[in-house]
K.L.:
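Quick one: the structure is below, questions incoming.
FYI, side chains are in, hydrogens and waters are out, and symmetry mates aren't considered; it's all heavy atoms of this structure. In this chain, numbering begins with 1 at the start of the sequence shown. Order of listing sets the numbers, starting from 1, for every ligand and every atom in it.
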Amino acid sequence: MTAHQDDFFEQVNRYFDEAASLTDYPAGLLAQIRCCNSVYRFDFPLRRTDGRIEVIHGWRVEHSHHKTPVKGGIRYAPDVNESEVMALAALMTYKCAIVDVPYGGGKGGIKIDANLYTVDELERITRRYTHELHKKSFIGPGIDVPAPDYGTGEREMAWIADTYAALNPGQLEALACVTGKPVTQGGVSGRKEATGRGLFFALREACQQADDMMALGLPVGIDGKRIVVQGLGNVGYHAAKFCREGGAVLIAIAEREGAIMNPKGLDEDAVWRHRRDTGSIQNFPGATNLDTRAALELDCDVLIPAALEGVFTEENAARIKAKILLEGANGPTTPEADPIFRQKGMLVIPDIYANAGGVTVSYFEWLKNLSHVRFGRMSKRHEETNERSMLRAIELATGRSFSEEERNQFAKGPDEGDLIASGLEETMVNAYHEIRNMKLKTPQCPDLRIAAFLAAIHKVARSYAELGIFP
Ligand code: NAD
């Protein structure tokens, strides 16, 4: 275990304390917001396919019950530990507050390298983990709602939903016990890509701020911005895809086994297929191989860490040349690296805002599961009919007649995917301005990260005030 993992929770609290020092809330209230309300650690046996018995270590942490259910992903990684899960749960509390999603923060972890287990073993681990959560009431649509994180995805979420439903026969809202499920199993269109798409909206909004771009010496707009991505998993792949489609140029990708670079631009999908077929990101046609660490230090406009925490430390921070750091991963920047980034004048778009697209769309999925109806089902045709009538009225008034192609383009009632993407865009754009304005109106606030923590502290404190815990 490395030093940063040991005290990840303490690191999150250092950011919290810096933001809290800009408020005048009572110390006891701040201590209540900061602490983890419940920490559940448990072990269970797994019989491996070869007959060996192995002990599996699991955690679920509920950081804040100021709003319920609590919400947060489940991570499968070999170095998961209690401090890490507590830190990630705390980040979830602040993240949900920033994007106005009505949950407390939670997080889960299982200490395994998912690559070393068969699909059958992973299924048994996931179902047993769900049993353990259920035994102690650490899962349920109104209690605690997990989601995917590092090392987990739609498949694991489907196993969790199925196990929970089997343990609660007839419970009408059972599917809302977990989000990030496949669409056929109660998921919502656009959840898989939500975190990456949210990162794109965050970056696009940041690049639209003329003052901020001028301070960085960059042109306004995302068009042509040179991007480096670390981690080609769910978050990294989709962030790369949406940013590239939005006009940015993906010049390098770093993975565990090494990195590749092509200043003319890479296609994340072709790279992903190359890695699947050859087992490595390297030796991609037209690209140059380089070391993973060297890729992070390339001259670029935007660096997107989308792997794990603790990537930027006092050791490498000074060598980072990116002007904008868009934090896809949770906790990629240590508190030692942050002052160095501030000194360099970098724009850091912090994790607790930047990667909130996932939980935002998870919230939409939860609402869908509770209402038992697909978004847009009731209104799509109605809107389409209204729009067609409007086009007809324009035709009559102007004498211009629309082609069938134009008619289909202008009069298209939104489907679920359109509504999800638009709800996500609205959320990310509003939240960006909220934290940017918080920074601008708080003279001692050094950067967007502390501004985001400050905005979150105000919202959680307001919740406690409404509960009558403090005046
Ligand atoms: P994932 O498992 O899908 O992908 C992670 C990728 O990082 C993998 O491809 C892995 O090989 C790669 N990786 C691991 N170590 C690396 C290294 N040293 N250098 C380069 N690449 C490395 O996980 P994910 O869901 O994309 O999550 C990534 C990060 O984003 C995590 O910090 C997670 O907490 C955060 N996050 C995820 C979501 C979500 O919706 N999945 C939401 C918010 C935040």
Side-chain angles (χ1 to χ4, degrees), residues 2 5 8 12 71-80 84-85 87-92 94-96 98-99 101 105 107-109 112-115 146-157 178-181 187-188 190-199 202 228-241 252-260 268 271-272 275-276 279-282 290-296 303-312 316 326-333 350-363 365 424 428:
T2 59
Q5 286 163 339
F8 189 12
V12 171
K71 185 105 191 64
I74 298 180
R75 169 176 290 198
Y76 291 181
D79 45 14
V80 165
E84 177 180 298
V85 186
L88 293 166
L91 289 174
M92 283 305 296
Y94 310 131
K95 191 178 300 183
C96 290
I98 288 162
V99 289
V101 164
K107 204 78 181 190
I112 52 166
D113 181 343
N115 298 311
D149 192 75
Y150 186 94
T152 61
E154 290 185 341
R155 180 184 64 182
E156 287 73 17
M157 302 307 117
V178 65
T179 59
K181 304 178 291 292
V188 79
R191 170 59 184 92
K192 193 162 59 181
E193 51 271 52
T195 308
R197 183 181 253 147
L199 283 160
V228 174
V229 173
Q230 182 206 30
L232 197 60
N234 181 349
V235 175
Y237 171 88
H238 287 107
K241 172 180 153 61
I253 304 176
E255 254 294 341
R256 298 178 213 236
E257 64 275 10
I260 52 169
E268 71 295 329
V271 175
W272 187 87
R275 186 172 189 242
R276 182 197 56 195
S280 170
I281 200 174
Q282 295 208 304
L290 68 162
D291 177 68
T292 294
R293 292 192 72 79
L296 300 180
L303 175 57
I304 310 181
L308 281 169
E309 60 273 9
V311 175
F312 306 111
N316 65 352
L326 178 65
E327 294 185 339
N330 284 307
T333 306
D351 50 3
I352 52 169
Y353 156 70
N355 68 30
V359 74
T360 302
V361 174
S362 273
Y363 170 48
E365 179 177 334
L424 175 61
M428 295 305 293

K.L.:
Below 3.5 Å, N or O to N or O, backbone or side chain included: is there any such pair between N234 and ligand 1?
P.N.:
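Indeed, backbone or side chain, N234 has an N or O that close.
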K.L.:
Of A329, A307, G331, which has the heavy atom at the shortest distance from atom 28 (C) of ligand 1?
P.N.:
A307
K.L.:
Just let me know how K192 lines up against ligand 1, side chain, backbone, both or neither, with a heavy-atom cut-off below 4.0 Å.
P.N.:
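K192 to ligand 1: no contact under 4.0 Å from either part.
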K.L.:
Out of G153, G151, A354, G73, whose heavy atom is nearest to atom 2 (O) of ligand 1?
P.N.:
G151
K.L.:
Check each atom of ligand 1 against the heavy atoms of A254 and keep those under 4.0 Å away; list them by number with element.
P.N.:
20 (C), 21 (N)
K.L.:
Counting only nitrogen or oxygen atoms and a 3.5 angstrom limit, does T292 reach ligand 1?
P.N.:
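Such a contact does not occur with ligand 1.
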K.L.:
Who gets closest to atom 12 (C) of ligand 1 by heavy atom: R275, E257, E255, R256?
P.N.:
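Among R275, E257, E255, R256, the closest heavy atom to atom 12 (C) of ligand 1 belongs to E255.
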K.L.:
Are any of the N or O atoms of G236 closer than 3.5 Å to those of ligand 1?
P.N.:
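N/O-N/O distance under 3.5 Å: no.
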K.L.:
Report the nearest protein non-hydrogen atom to atom 27 (O) of ligand 1: residue, atom name, distance rounded to 0.1 Å.
P.N.:
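Nearest neighbour among protein heavy atoms for atom 27 (O) of ligand 1, to 0.1 Å: V235 CG2, 3.9 Å.
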K.L.:
Checking the N or O distance criterion of under 3.5 Å, is ligand 1 in contact with G358?
P.N.:
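It does not: no N or O of G358 is found under 3.5 Å from an N or O of ligand 1.
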K.L.:
Using a plain distance cutoff, I'd like to know if D149 has any nitrogen or oxygen under 3.5 Å from a nitrogen or oxygen of ligand 1.
P.N.:
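Yes.
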K.L.:
Atom 30 (O) of ligand 1: which of A356, A114, G328 has the nearest heavy atom?
P.N.:
G328
K.L.:
Would E309 count as a contact of ligand 1 if the rule is a heavy atom under 4.0 Å away?
P.N.:
no
K.L.:
How would you list, by chain and number, every residue that makes a side-chain hydrogen bond (donor to acceptor under 3.5 Å, both in side chains) with D351, sequence neighbours excluded?
P.N.:
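Counting only residues at least two positions away or on another chain, D351 forms no side-chain hydrogen bond (donor to acceptor under 3.5 Å, both in side chains).
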